[in-house]
Amino acid sequence: MHGGADGHAGSPLNFIEQVVEDDIAAGKNGGRVHTRFPPEPNGYLHIGHAKSICLNFGLADKYGGQTNLRFDDTNPVTEDTEYVDSIKNDVQWLGFKWENEFYASDYFVRIYAFAETLIQKGLAYVDDSSSEEIAAQKGTPTEPGRTNQYRDRTVDENLDLFRRMRAGDYPDGAKVLRAKVDMTSPNMQLRDPIIYRIKHAHHHRTGDAWCIYPMYDFAHGQSDAIEHITHSLCTLEFEVHRPLYDWFIQQLEIFPSRQIEFARLNLTYTVMSKRKLKQLVEEGHVNGWDDPRMPTIAGLRRRGYTPASLREFADRIGIARRENLIDLGLLEFCIREELNKTTHRVMAVLDEEPLKLVISNYEEGREEMLNIENNPEEETTTYRKVPFSREVYIERDDFMENPPKKFFRLFPGGMVRLKGAYIIKCDDVVKDAAGNITELRCSYLPESRSGSDTSGINVKGTIHWVSVPHAVEAEVRLYDRLFSVENPAADERDFKELINPASLSVVRAFVEPALVEAARSGEQSNFQFMRKGYFVLDADSTADRPVFNRTVTLKDGWAKEQKKN
RNA sequence: GGCCCGAUAGUAUAAGGGUAGUACGACAGAUUUUGGUUCUGUUUGUGGAGGUUCGAAUCCUUCUCGGGCUACCA
């Protein structure tokens with residue numbers, strides 16, 4: 001039966017799918033599968049959340065179940081509707097549809113009733129201690145905690161006090177409600193955890209209706225129970241909370257959701273903690289939550305990542321319980337794999353001062369519209385028109401005066417093909433007084449035109465180019481990894497000192513006119529700049545100056561070759 | 001000192017007592033009007049020690065290493 005109880009044999013199951021299939025086989029919950037994605041609306045979603053989203057929605061999909069979107073909004077001072085909106089947008093953009101949109105705050109009345117139930121059963125008490133006192137009495141992982149006098153309050157006294165907490169009779173911090181579990185438990189979570197605290201704060205949904213709010217530990221499991229969530233998936237750090245949740249389920253006799261923990265995603269060269277991401281934004285190290293260097297879903301979207309590529313990534317990294325650090329290269333593989341199939345190849349010369357190439361035997365004033373293939377991966381090839389003329393720009397890197405061995409590009413006396421156009425030969429190098437190369441004089445082979453080449457000459461290299469009189473100036477933002485070390489979180493130094501100073505460089509570029517048309521029409525926004533990488537049109541573009549973000553470079557075999565020497 | 005979890009190639013992830021696979025990466029070659037793509041091939045692994053068994057990555061013991069647990073955060 002392992003390998004797929006319902007026809008999914010073939011792809012191996014992760015350990016959560018195995019649990020789910022075992023539950024289905026055992027007839028648990030009548031075979032029903034209902035998951036939930038439970039973000040707190042206090043920040044933007046990142047790629048680690050994408051893993052969780054794909055897991056929860058994917059699981060429900062696979063087993064014919066449903067997934068709720070539930071906001072864990074139990075701490076009004078950190079939460080905001082801005083985050084609610086961005087989270088909903090990101091989940092939808094990733095391609096998922098939730099069955100219900102719920103909020104933990106929808107359940108405040110019922111959670112409050114659960115608290116009274118606990119009090120009535122003698123399983124919760126109001127504690128007047130300060131937070132320092134509570135911490136001190138809690139003990140440490142190696143020493144048991146101590147009880148205090150408040151623990152012995154009567155049910156009636158507790159009920160009265162708790163109701164007065166709710167009524168607003170006390171200031172913030174004056175009292176808390178605690179579950180009465182076991183102050184000596186080796187599991188710290190069971191040492192009479194606080195389940196309600198006083199916060200005279202405005203809530204983004206319930207307004208000023210409440211001045212007491214349940215703790216996460218007294219809201220999350222209850223919300224799962226209320227929604228009859230069958231499988232409650234969360235990250236490893238909540239594992240030690242599970243006995244507490246199970247205790248609540250038992251004492252309150254509510255629906256027993258099954259919590260399963262998995263390892264959170266870590267990615268090389270970035271940070272994943274919400275606190276750190278927030279700091280990067282607030283201190284201006286990046287330009288907002290959607291800065292293309294950020295591992296946020298909004299950032300990746302602006303970087304040019306597609307929903308399918310992120311889903312593919314989530315699929316490939318798998319689900320397990322061991323700590324992991326995924327190679328950023330895998331994410332890049334996923335987006336290249338997709339963009340290779342889908343994007344048009346266009347020509348863009350990314351140089352502040354590109355190299356001008358004058359084709360001396362090409363008639364002055366003459367211009368041709370060449371037909372160039374959009375994408376060799378297409379099943380049925382499509383073409384676009386690209387203007388060609390006597391003067392073209394090429395990249396400085398594509399010419400070397402004294403080339404090393406195996407340099408296939410242009411050099412004095414050498415020949416290359418201008419992509420989609422002609423084979424040219426470099427006849428002369430023109431320099432200014434300072435010795436800088438200002439121009440290349442070349443000659444072309446008229447019979448070598450792409451598609452009708454009768455020259456019989458084979459050249460090793462093909463380079464891209466843009467016709468000078470037709471070139472459109474653009475701004476190109478070259479993004480690289482945000483941090484210069486693999487695992488900033490594990491570094492002793494402050495993570496902000498580890499930011500890669502070259503994570504963004506802005507360059508001027510000259511692009512072919514078809515690119516501007518395509519981008520303006522909105523038909524496409526992702527492109528391959530031939531031989532350079534994948535780029536996406538940025539929202540900062542203006543009518544006369546497009547802006548492109550580099551999503552990812554192409555694999556660079558030449559750079560690799562050079563490294564060897 | 002305690003409790004909980006984990007450990008399979010460089011990185012991830014399969015193998016549920018019976019041939020250690022897969023992907024990414026790396027390396028080598030072929031193809032190529034992108035030094036891209038594609039194709040072919042190669043390399044690299046069960047943390048240590050015991051035990052159970054005809055047979056152990058898998059079960060048991062123990063050690064080592066890594067992570068988590070001491071917020072009125074989630």
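Only this structure's heavy atoms are used, side chains among them; waters, hydrogens and symmetry mates stay out. All chains are named by letter (A, B, ...) in the order of the sequence lines, taking the proteins before the strands, and each is independently numbered beginning at 1. Being a predicted model, the structure only gives us computed values, none of them experimental.
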[X] [atom1] to [N] [atom2]: how many Å, rounded?
| X | N | atom1 | atom2 | result |
| --- | --- | --- | --- | --- |
| Asp182(A) | C3(B) | CG | P | 15 Å |
| Lys563(A) | C27(B) | NZ | C1' | 15 Å |
| His220(A) | A74(B) | NE2 | P | 12 Å |
| Leu190(A) | G2(B) | CG | C1' | 14 Å |
| Asp172(A) | C73(B) | CG | P | 10 Å |
| His46(A) | A74(B) | NE2 | P | 17 Å |
| Tyr213(A) | A71(B) | OH | C1' | 19 Å |
| Arg242(A) | G68(B) | CZ | P | 18 Å |

For [X], answer base if it contacts any base atom (sugar-phosphate contacts may also be present), sugar-phosphate if it contacts only those atoms, and nothing otherwise; contact means non-hydrogen atoms under 4.0 Å.
| X | answer |
| --- | --- |
| Gly173(A) | base |
| Thr184(A) | nothing |
| Thr74(A) | sugar-phosphate |
| Phe238(A) | base |
| His241(A) | base |

[atom1]-based separation of [M] from [N] [nearest Å]:
| N | M | atom1 | answer |
| --- | --- | --- | --- |
| C54(B) | A12(B) | P | 38 Å |
| G2(B) | U70(B) | C1' | 12 Å |
| G21(B) | A15(B) | P | 14 Å |
| A28(B) | G47(B) | C1' | 32 Å |
| G10(B) | C63(B) | C1' | 27 Å |

Kindly indicate whether a cation-pi arrangement holds for Lys199(A) with Tyr213(A), taking the cut-offs as under 6.0 Å to the six-membered ring centre and within 45° of the axis.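 The answer is no, since Lys199(A) fails at least one limit relative to Tyr213(A).
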Mind pulling the stems RNA chain B is in, i.e. runs of at least three Watson-Crick or G-U pairs, everything under 3.5 Å?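 Stem list for RNA chain B: B:2-7 with B:64-69, B:10-13 with B:21-24, B:26-30 with B:38-42, B:47-51 with B:59-63.
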May I ask you to evaluate whether Lys560(A) reaches the phosphate of C27(B), defined as a side-chain N or O under 4.0 Å from OP1 or OP2?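 Lys560(A) to C27(B) OP1/OP2: side-chain N or O found under 4.0 Å.
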Please check the phosphate of U70(B) (OP1 and OP2 only) for any side-chain N or O of Arg146(A) closer than 4.0 Å. no
Ionic contact status for Asp106(A) with Arg205(A), cut-off 4.0 Å: yes
Taking the six-membered ring for Trp and the full ring for Phe, Tyr or His, determine whether the centres of Phe548(A) and Phe535(A) are under 6.0 Å apart. no
Are Phe388(A) and Tyr422(A) an aromatic pair by the rule of ring centers under 6.0 Å? yes
Go through the structure and list residues passing side chain to side chain contact (heavy atoms under 4.5 Å, CB included) with Arg336(A), not counting sequence neighbours. Glu332(A), Tyr534(A), Val552(A), Thr553(A), Lys555(A)
What pairs with Glu143(A) under side chain to side chain contact (heavy atoms under 4.5 Å, CB included), at least two apart in sequence or on another chain? Thr140(A)
Between protein and nucleotides 30-43 of chain B, map the contacts as a letter string: B base, S sugar-phosphate only, - none, heavy atoms under 4.0 Å, written 5' to 3'. ---BBBBS------
Using a 4.0 Å cut-off on protein heavy atoms (strictly under), produce a 5'-to-3' string for nucleotides 4-14 of chain B with B for base contact, S for backbone-only sugar-phosphate contact, and - for none. SSSSB--SSBS
Quick check for you: among G2(B), C72(B), C24(B), whose closest atom lies nearest to any side-chain atom of Phe333(A)?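 Closest nucleotide to the Phe333(A) side chain: C24(B).
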Lys425(A), NZ atom: more than 12 neighbouring heavy atoms under 6.0 Å: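 12 or below, so no.
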Decide whether His49(A) and Arg264(A) meet the rule of one side-chain donor and one side-chain acceptor closer than 3.5 Å. no
Please check this pair: side chain of Arg153(A) against backbone of Val126(A), looking for a donor-acceptor N/O pair closer than 3.5 Å. yes
Any donor-acceptor pair under 3.5 Å linking the side chain of Asp73(A) with the backbone of Ala104(A)? yes
For Lys51(A) and Gly318(A), work out which heavy atoms get closest and say how close. CE-O, 3.8 Å
Can you list the residues that meet the ring-ring contact (aromatic ring centres under 6.0 Å, His included) rule with Phe162(A), with sequence neighbours excluded?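 By the ring-ring contact (aromatic ring centres under 6.0 Å, His included) rule, Phe162(A) matches Tyr112(A), Tyr196(A).
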To the nearest 0.5 Å, tell me how far Phe262(A) CZ sits from Glu239(A) CD. 13.0 Å
